[in-house]
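Any value given below was found using the heavy atoms of this structure, including those in side chains, with hydrogens, waters and symmetry copies removed.
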Amino acid sequence: MDISNGSALVTGGAGGFGSATVRRLAEMGAKVVIADVADERGEALAKELGNGSIYVHTDIMDENSIAKAVQAAANLAPLRAAVVVHGGPPAPGATGPARTVNREGQRLPLANFIHTVNVYLVSAFAVTSQAAEAMAKNEPLDSNQRGVIVNTASIAGFEGQPGQAGYSAAKGGIIGMTLTIARDLAPLGIRAMAIAPGTFLTYAYLTRATREEVQAKWGPTVPNPRRMGDPDEYGLLAAQIVRNDFLNGTTIRLDGAQRF
Ligand SMILES: NC(=O)c1ccc[n+]([C@@H]2O[C@H](COP(=O)([O-])OP(=O)(O)OC[C@H]3O[C@@H](n4cnc5c(N)ncnc54)[C@H](O)[C@@H]3O)[C@@H](O)[C@H]2O)c1
């Protein structure tokens, strides 16, 4: 799809994957709404692009906030692409990984699991459905296409690590709903895809360690290339999915053959 006369929405647009994707979509000629809570990084990115893209403070835990971001994109130009790639706040009161039971065999608060599913799955569906509603109003382009939505799964949705039950459930939910959403949206000429990344060097890894430390720990877990992924490799795939009308209804692994 040619998005050069359109707009795009990237939730988590100031993040590692998000900012790489924003740059790629802007290169394709779209005006991009950078939807995030990281105001400083988001504003700086919009300014750097200087192509009519804007930063909109957006909390993906709040439906009204998502609605404002979608509307902001539709006000710039017809919304053609939405890439859903946000993180979220940690579970309130969580002190460690959300194991099924702790090492002493005791259950953890169910609220931890619910929070993780809300951040990574419920909010992704909320963005998807709101973006689809806006895209449904667009004039169709070639092959009767009105828009495309890309969600972000994870290899944890296929094979999760200990302590990741909530995260794996959420990411498995993204994988599971992608074909169904593509079928729902097919009559409208809107595609739905998901990307399942392996281990990428984004801000999420840099809260407690340097780039070198993170690479030394995680790089060797990837068979080939033997390093963490570069966020632009995600951005490139997101851009290809937007461009290529025949990609629909599936989740693409992007992981250097990594399997946990
Ligand atoms: N980095 C990896 O290795 C990896 C692997 C698989 C999947 N993922 C997934 O990719 C997505 C993005 O992660 P990333 O690695 O780019 O992390 P990141 O920390 O670099 O970016 C996440 C962005 O989300 C934003 N955010 C946090 N709370 C928000 C909220 N309430 N509303 C809106 N935005 C909010 C942050 O400010 C940040 O800019 C997540 O869904 C993550 O699960 C990451």
Side-chain angles (χ1 to χ4, degrees), residues 1 3 8-13 15 17-18 20-21 24-25 35 60 63 66 69-70 73 79-88 116-136 138 143-160 164-200 202 229 231 233-260:
M1 192 171 47
I3 59 168
L9 170 71
V10 181
T11 62
F17 285 145
T21 303
R24 288 285 174 184
L25 298 181
I60 49 83
E63 272 190 275
I66 295 170
V70 170
L79 177 62
R80 296 291 182 189
V83 180
V84 184
V85 68
H86 53 261
T116 305
V117 173
N118 280 338
V119 168
Y120 292 105
L121 179 60
V122 177
S123 67
F125 182 76
V127 178
T128 298
S129 58
Q130 291 204 35
E133 193 173 54
M135 289 171 182
N138 291 344
S143 303
N144 205 31
Q145 293 302 297
R146 288 190 168 80
V148 53
I149 299 162
V150 182
N151 270 295
T152 306
S154 163
I155 59 171
F158 295 102
E159 60 262 357
Q164 285 192 317
Y167 188 68
S168 294
K171 296 302 190 178
I174 299 276
I175 296 162
M177 74 181 181
T178 295
L179 178 60
T180 311
I181 290 171
R183 287 173 164 162
D184 284 346
L185 301 181
L188 297 164
I190 301 168
R191 294 181 291 121
M193 284 287 293
I195 298 174
T199 307
F200 278 69
T202 63
E233 290 165 332
Y234 177 103
L236 258 181
L237 179 56
Q240 171 63 202
I241 290 170
V242 169
R243 182 87 204 142
N244 193 329
D245 290 338
F246 224 64
L247 283 168
N248 194 13
T250 199
T251 299
I252 300 177
R253 291 185 73 125
L254 185 66
D255 62 9
Q258 187 174 23
R259 301 288 184 277
F260 277 118

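Taking 4.5 Å as the limit, every side-chain heavy atom of Phe17 sits out of range of all side-chain heavy atoms of Ile195. Proximity of Met135 to Leu188: side-chain heavy atoms (C-beta onward) are nowhere separated by under 4.5 Å. Side chains of Thr202 and Tyr234 form no contact here, defined as non-hydrogen atoms less than 4.5 Å apart. Taking the side chain as every heavy atom from C-beta outward, Arg259 and Arg253 approach each other to under 4.5 Å.
Rounding to the nearest 0.5 Å gives a distance of 11.0 Å between CG of Leu236 and CD1 of Ile241. Separation of atoms OG1 (Thr11) and CD (Gln130) is listed at 11.5 Å; rounding is to 0.5 Å. A distance of 13.5 Å separates OG1 of Thr251 from CD1 of Ile155, quoted to the nearest 0.5 Å. Taken to the nearest 0.5 Å, the CZ atom of Phe125 stands 5.5 Å off from the CD1 atom of Ile181. If you take NZ on Lys171 and OG1 on Thr152, they are separated by 6.0 Å, rounding to the nearest 0.5 Å.
A pairwise comparison of heavy atoms in Ile60 and Ser123 identifies O-CB, 3.3 Å as the closest pair. Scanning both residues, Met1 and Arg146, for their nearest heavy atoms gives SD-C, 4.2 Å. Closest approach of Ala132 to Ile190, counting heavy atoms only: O-CD1, 3.6 Å. Listed here is the closest heavy atom pair of Ala156 and Gln164: CB-OE1, 3.6 Å. Taking all atoms of both residues into account, the shortest heavy-atom contact from Thr116 to Gly166 is CG2-C, 3.6 Å. Contact record, Leu79 with Ala73: CD1-CB, 3.9 Å, taken as the closest heavy-atom pair.
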The test is side chain to side chain contact (heavy atoms under 4.5 Å, CB included); show your working for Val84 and Ile174 and say whether it passes. CA-CA 11 Å; Val84 184; Ile174 299 276; over 6 Å; no
What verdict does the side chain to side chain contact (heavy atoms under 4.5 Å, CB included) test give for Thr21 and Val150, after you've listed the backbone C-alpha separation in whole Å, the side-chain angles of each residue and the deciding distance to 0.1 Å? CA-CA 11 Å; Thr21 303; Val150 182; over 6 Å; no
With side chain to side chain contact (heavy atoms under 4.5 Å, CB included) as the test, would you mind laying out the steps for Met177 and Leu121 before giving the verdict? CA-CA 10 Å; Met177 74 181 181; Leu121 179 60; 4.0 Å; yes
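In Arg183, the CZ atom is not crowded: 12 or fewer heavy atoms of neighbouring residues, nucleotides or ligands sit closer than 6.0 Å. Heavy-atom neighbours of Glu233 CD from other residues, nucleotides or ligands within 6.0 Å: above the threshold of 12. Other residues, nucleotides and ligands contribute over 12 non-hydrogen atoms within 6.0 Å of the CD atom of Glu159.
For the 3.5 Å distance criterion, the side chains of Tyr120 and Ser154 fail to qualify, holding no donor opposite an acceptor.
For the pair Ser129 (side chain) and Ala126 (backbone), a donor-acceptor distance under 3.5 Å is present. Proximity of a side-chain donor or acceptor of Gln145 to a complementary backbone N or O of Ser143 within less than 3.5 Å is detected.
Of the candidates Asp184, Thr178, Asn151, Thr128 forms a side chain to side chain donor-acceptor pair (under 3.5 Å) with just one, namely Asn151. Checking Thr180, Ile149, Val148 one by one against Leu185, the side chain to side chain contact (heavy atoms under 4.5 Å, CB included) holds for a single residue, Ile149.
Taking the ring pair (Phe, Tyr, Trp, His ring centres under 6.0 Å) definition, one finds that Phe158 meets it with nothing, sequence neighbours left out. Partners of Asp245 under the salt bridge (Lys or Arg N to Asp or Glu O under 4.0 Å) rule, at least two apart in sequence or in another chain, are Arg191.
For residues 238-260, no pair satisfies ring-ring contact (aromatic ring centres under 6.0 Å, His included), with sequence neighbours left out.
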